[in-house]
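Everything below concerns the one structure shown next.
Sequence lines set the chain letters: A, B, ... in the order given, protein chains first and strands last, and positions in each chain run from 1. None of these values were measured; they are calculated from a predicted model.
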Amino acid sequence: MRIAVIGAGPHGLSALKALLQNGIDAQAFEREADLGGNWNYGAQTSRVYRSTHLISSKPFTQFPDFPMPDGYPDYPSHFQVKEYFTSYARHFGLVEHIRFGSEVVSVAPVGDGAIWTVTVRDRHSGDLHVEEFDGVVIANGHNWNPKVPRYPGQESFGGEIIHSADYKDADVLRGRRVLVVGAGNTGCDVAVESAQNAARTWHSTRRGYYYNPKYLMGRPSDQTADLLLALRIPLAVRRQMFKASLRFAVGDFSKFGLKKPDHRFFETHPIVNQQLVYYVGQGDITPADDVASFDEHGVTFTDGSRADVDLVVFCTGYLVTFPFLADADLHLDWHEDHPRLALQVFTSKHRNLFVSGLIQPDSGQWTLAHWQGMLIARFLEARQLRPVVADRFYADATAQSGRRFSAGTTYKDSSRHYYEVAHQDYLQSLQDAINALEVPA
Amino acid sequence: MPSRPVSHREVITALPAEPTGRPPLLMVHGIAHAAWCFAENWLPAAAAAGFPSYAVSLRGHGGSAGGRRLRRTLTRDYVHDVMQTITELPEPPVLIGHSMGAIVAQLVAERYPLRGLVLLTPAPLHSAMGDLVAIARDRPADLGRAVLGQTLSMEPEVLFEGLDPATARSYSDRTSTESPLVQWELLLPQRVGPIRCPVLVIGTPQDRLVRVADVERTARSHGVDPVWFPGMGHDVMLDTGWDGVLDTVLDFAGDLPPWGRARPQG
């Protein structure tokens, strides 16, 4: 059995490692000349900017079987993250299983789908090369294809508009009048860098959010949060504790001119940014309403106010795209803008087509990447050794396609939060799935 | 809460003259010992046989930092130290744990895909209560010391059978203090998840710290039979006959399938 892995970012690497570790031969394809995917700073598909640091702390973000070095800080930089992935790949002998500079241009099943053909373009020579595999793990990432909004009058705008996908460092902001659109973690980072570098900064957000600190009670805040989880503090109480701690440390966000959150804690993807409120308080960031329209000199917001700006940075997120899969709706059960998956990994359409990395956890990512890879490997192993168990598992799992892992909350704005998972809930589900595959036939 | 790192970790290394393709060996010492106990005989001999060999001193032991916090150190801190050491190795190692270090090694094997696991006179994961009772019968004063949080006796007669008295005494004198919390933790039954790598368990019938029954139970939990070395004491890497034990370990390590090439057992 030989499996293709598309992409050598963190999810591609952990899938590759899990397969090899479980005695399954695998070949990964990476379009860039180096591994790291999004964290391969400077590469065409990388979306990290010079100042990017992790926003979940080291112990919750690392691969559980390959801890980050003790010398790393609580929140490592993207340079350190890339170095970490490189040593992971070297340690487990993954590099010899990765073909670099190789862009997968097509993935298609042969006949009933027992075999897949993978067509790869060598980016150096331009040559196409076709190979057959017994299965495919899609790990091409979901944070690279920019989602760009359209507003009335946008064509007449005389200034510059960029998406955060093309934001690399603060040079572009220096001395300009900047509007940052979007209050995701990137939007908040860029707004802060703009506050430090631009002449003026507006920050347009659709709603109010809870801007979480990176530290709480002397610990990275995700560790404090997980301590409460470990103590089995109920959701309602945890909500109140988090609200109270923010209220105590910062106070009512609306007093700073920020919008009041229209949702409860844990109902949107957490934003970790301690500096945003600080710069709002210093007057370096002017909070603004949703954008209504553009004109030649700037924008008008939905509350009627306007701002003259010469640079707009859309931090409006990314679209999930599998450009190599011609019939994504057929092969991955596509619904609107996303595939309908079981456990965010399996599709009911094919037993040998897997997706890894289509998750956005409220905590670190790569612990989950590790267990997604292990689940795929153990499923393939079970298909060989205990087919009855594997079949039963697959039927049970795919019967629950589309199930969410929200640990009891209801996410706001479901399209943005389709990939959102509550890490404790999702991790438990992955563990249960792996255990179900371990049962003797 | 994650373990707090220490500022320095001692790793003693012995490498073959040139690369041989053999798997690295990482050795973890037991109570009150440190990397020196492997550096004495095993590291040079294993390197000469073509195995890149490493021995780590857990925090608060040997040349590693952490002595001042030793009284607050837990087994999970030792697991952290070994995991950190592993990530610095060029490839997945065969992990060799002696005594209490065997517990650390099994906890590592639970979360990390080792090439192979070797347990030398392993302290039992299922609780050392039985050993403590045996120790109490054998050396009642020791029981009191252990209960009060003092380090178990590392006197020559506890550790060695065949060594000449002077050498035995010199090794015994090199032992240090152990974390009382870790010693008490030995009494608690611990569980590890399935370990998928090949396992070798080594014991001696004359062991004055770990009972034969406990070695047998540890081996059974991994689906193997222990290999016995009669006539030796608890410190099988130092006592007379250490070379025979090492040969068995190296045979095991040399026969392991390459990592990521063969289906693991279990």
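- In this structure, Y112(B) and D65(A) approach most closely via the heavy-atom pair CD1-O, 3.1 Å.
- Interface summary for chain B: among A230(A), S57(A), G93(A), P64(A), the most heavy-atom pairs under 4.5 angstrom belong to P64(A).
- Around the CG atom of D251(B), the shell of radius 6.0 Å holds more than 12 heavy atoms that belong to other residues, nucleotides or ligands.
- Contacts of P59(A) with chain B are made by side-chain atoms alone, with heavy-atom separations under 4.5 Å and no backbone atom involved.
- For residues 14-29 of chain B, no pair satisfies side-chain hydrogen bond (donor to acceptor under 3.5 Å, both in side chains), with sequence neighbours left out.
- For a heavy-atom cut-off of 4.5 Å, chain A lies close to H80(B), M83(B), Q84(B), I86(B), T87(B), L89(B), P90(B), E91(B), P92(B) in residues 73-99 of chain B.
- Of all residues spanning residues 77-92 of chain A, those with a heavy atom less than 4.5 Å away from chain B's heavy atoms are R90(A), H91(A), F92(A), arranged by number.
- Side-chain contact between C197(B) and Q21(A): absent, with no pair of heavy atoms (C-beta onward) separated by less than 4.5 Å.
- With a 4.5 angstrom heavy-atom cutoff, T224(A) touches chain B only via backbone atoms.
- Shown here is R2(A), whose CZ atom has more than 12 heavy atoms of other residues, nucleotides or ligands within 6.0 Å.
- Neither the backbone nor the side chain of K58(A) has a heavy atom closer than 4.5 Å to any heavy atom of chain B.
- Residues of residues 361-372 of chain A never come within less than 4.5 angstrom of chain B, heavy atom to heavy atom.
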